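Below, read A as the first sequence line, B as the second, and so on, with proteins coming before strands; counting in each chain starts at 1. In this text the structure is predicted, and so the values were computed from the model without any measurement. Heavy-atom basis, side chains included; hydrogens, waters and symmetry copies ignored.
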Protein chains: 2
Amino acid sequence: MSVHHFITPGGMLQPRWQEAFPEALASAGEAGAVDSNGIVWLLATLPEWRAALGRQLAAHPAAPCVVLDPQPEERRALLALDGGARGYCHAQATPAQLREVALVVQHGGLWIGPELMSRVVGAARRALPPAAEAGDERFAMLSPRELEVARAVADGLSNKEAALRLGITERTVKAHLGAAFEKLGVRDRLQLVLLMSGATESREATA
Amino acid sequence: MSVHHFITPGGMLQPRWQEAFPEALASAGEAGAVDSNGIVWLLATLPEWRAALGRQLAAHPAAPCVVLDPQPEERRALLALDGGARGYCHAQATPAQLREVALVVQHGGLWIGPELMSRVVGAARRALPPAAEAGDERFAMLSPRELEVARAVADGLSNKEAALRLGITERTVKAHLGAAFEKLGVRDRLQLVLLMSGATESREATA
DNA sequence: TCACGACCTGTCCACTAGTCCAATATGTAG
DNA sequence: CTACATATTGGACTAGTGGACAGGTCGTGA
């Protein structure tokens, strides 16, 4: 099991990657999504690596992606993670380190370089508005689960991805989502997103 | 090795924790820092859990801490991670899940519940300085018509409605929209909306 | 115990969204 | 003139979405 797949500009494998994962496969970025039962490693040197990451995750949401960067940088790390990557690390990491990353990511963890971790989290905490989304009257009518599904969808996830995130069936996502549409008086996910993204800003208006 | 240590209000161990880690030890929060060669699990129900977390990490920086929360909440998750916790998860997680968390954290990973992950990272990305290429320039690559269509869709209109507003065919809307997706590196209208709404926020922030 | 709500799942069906291949018209730069 | 970008549409097709209808468990409160 767990055949790792490297997506690189030239479709070439570096020796140390092969040393870390002897079974590893490689392909060029243009090929689109790869079907891997292991981890998809994506080089940040690809011309359109963010788009490639998006395509990959859209095609196989269950296969975790890790972005490898020859010159790690906080900004790119955040873009990678925001794009759905589950890890971000130096392309020249040692085979042992790569295996650590693989282990962590395959067990549901998130891998960020230790020096980036505190910055990422710190930035996220500062971005939190004081007591944000503690309770907007509009969403009080939603059941807890409906709210979770709504939030997942508001993050841009498809039904399938939301189901994966919450550990339920796509069908159940639809059920909760349908109930949320009904209660909030919107007709589709797009208007739900607009409602929710506008909720934090317009809180002062409702107060 | 790896004796796990639970810091709880009463110094009591829940059965499921013991089931996950038969060797686990427990102590009350007031006792100060514990010396554990495994993971320190800290209950968010402690009166001063953040202070306790700080004391623990100051005393034993090498021992990773995970915060357990009976009622997980995004805000507390960020506070925990900002305080140096390496993981944040539901206090009622199954023994199997707890072992997953332990595995990830002990190998240098970060554990955030899947439902929190994208929100945390999204918040961090939005807090990023709007440096360089990621400003309004992003939409400069769109042709005028593509931008009009994108805006219509970002207002929550369906393809049919957008076509009506712009006086063109639904088919043409799809064409422009598809081109916009490609140029912006997003996969569907929902992510386009998130991208555009995020851009507006950061534009105001820079102004 | 029974009713009720939240939660989870299934099937079937209509509609929407997104992509592929292709065609036409118009302007502009070389 | 030619090449290229832009704008416009068509048809066909696949995937994704949302609704209707029909079940199932579980816990709380009457």
Might you work through the side-chain contact (heavy atoms from CB on, under 4.5 Å) test for B:Val40 and B:Leu53, ending with a clear yes or no? CA-CA 9 Å; B:Val40 177; B:Leu53 176 61; over 6 Å; no

Once you round it to whole Å, what is the distance between [atom2] of [N] and [atom1] of [X]?
{"X": "B:Ile168", "N": "D:dT6", "atom1": "CD1", "atom2": "C1'", "result": "13 Å"}
{"X": "A:Leu184", "N": "D:dG18", "atom1": "CG", "atom2": "C1'", "result": "15 Å"}
{"X": "B:Arg189", "N": "C:dT19", "atom1": "CZ", "atom2": "P", "result": "11 Å"}
{"X": "B:Leu177", "N": "C:dG18", "atom1": "CG", "atom2": "P", "result": "6 Å"}
{"X": "B:His176", "N": "D:dA5", "atom1": "NE2", "atom2": "P", "result": "16 Å"}
{"X": "B:Glu170", "N": "C:dT19", "atom1": "CD", "atom2": "P", "result": "14 Å"}
{"X": "B:Glu148", "N": "D:dT6", "atom1": "CD", "atom2": "C1'", "result": "13 Å"}
{"X": "B:Lys174", "N": "D:dC13", "atom1": "NZ", "atom2": "P", "result": "14 Å"}

Donor/acceptor link under 3.5 angstrom from B:Arg171 side chain onto base of D:dT8: no

Within the structure, does a side-chain N or O atom of [X] lie under 4.0 Å from either OP1 or OP2 of [N]?
{"X": "A:Asn159", "N": "D:dG16", "answer": "no"}
{"X": "B:Arg187", "N": "C:dG18", "answer": "no"}
{"X": "B:Lys160", "N": "C:dT16", "answer": "yes"}

side-chain contact (heavy atoms from CB on, under 4.5 Å) between B:Leu194 and B:Val186: does it pass, once the steps are laid out? CA-CA 10 Å; B:Leu194 292 173; B:Val186 297; over 6 Å; no

Aromatic plane relationship, B:Phe21 with B:Trp41 - under 30° parallel, 30 to 60° tilted, over 60° perpendicular: tilted

By nearest heavy atom, map A:Lys183 and A:Thr172 onto DNA chain C; which one lands nearer the 5' end? A:Lys183

Identify whether any heavy atom of B:Thr169 sits under 4.0 Å from a base atom; if not, whether one sits that close to sugar-phosphate; answer base, sugar-phosphate or nothing. sugar-phosphate

Under 4.0 Å between any heavy atoms, over every strand shown, what does B:Ala179 touch: base, sugar-phosphate, or nothing? Just pick one. nothing

Any luck finding a side-chain donor-acceptor pair between B:Arg189 and B:Asn159 under 3.5 Å? yes

Reading DNA chain D from 5' onward, which residue's closest nucleotide shows up sooner: A:Gly178 or B:Glu146? B:Glu146

Intermediate values then yes/no, side-chain contact (heavy atoms from CB on, under 4.5 Å), A:Leu142 and A:Leu184: CA-CA 8 Å; A:Leu142 297 186; A:Leu184 297 175; 4.1 Å; yes

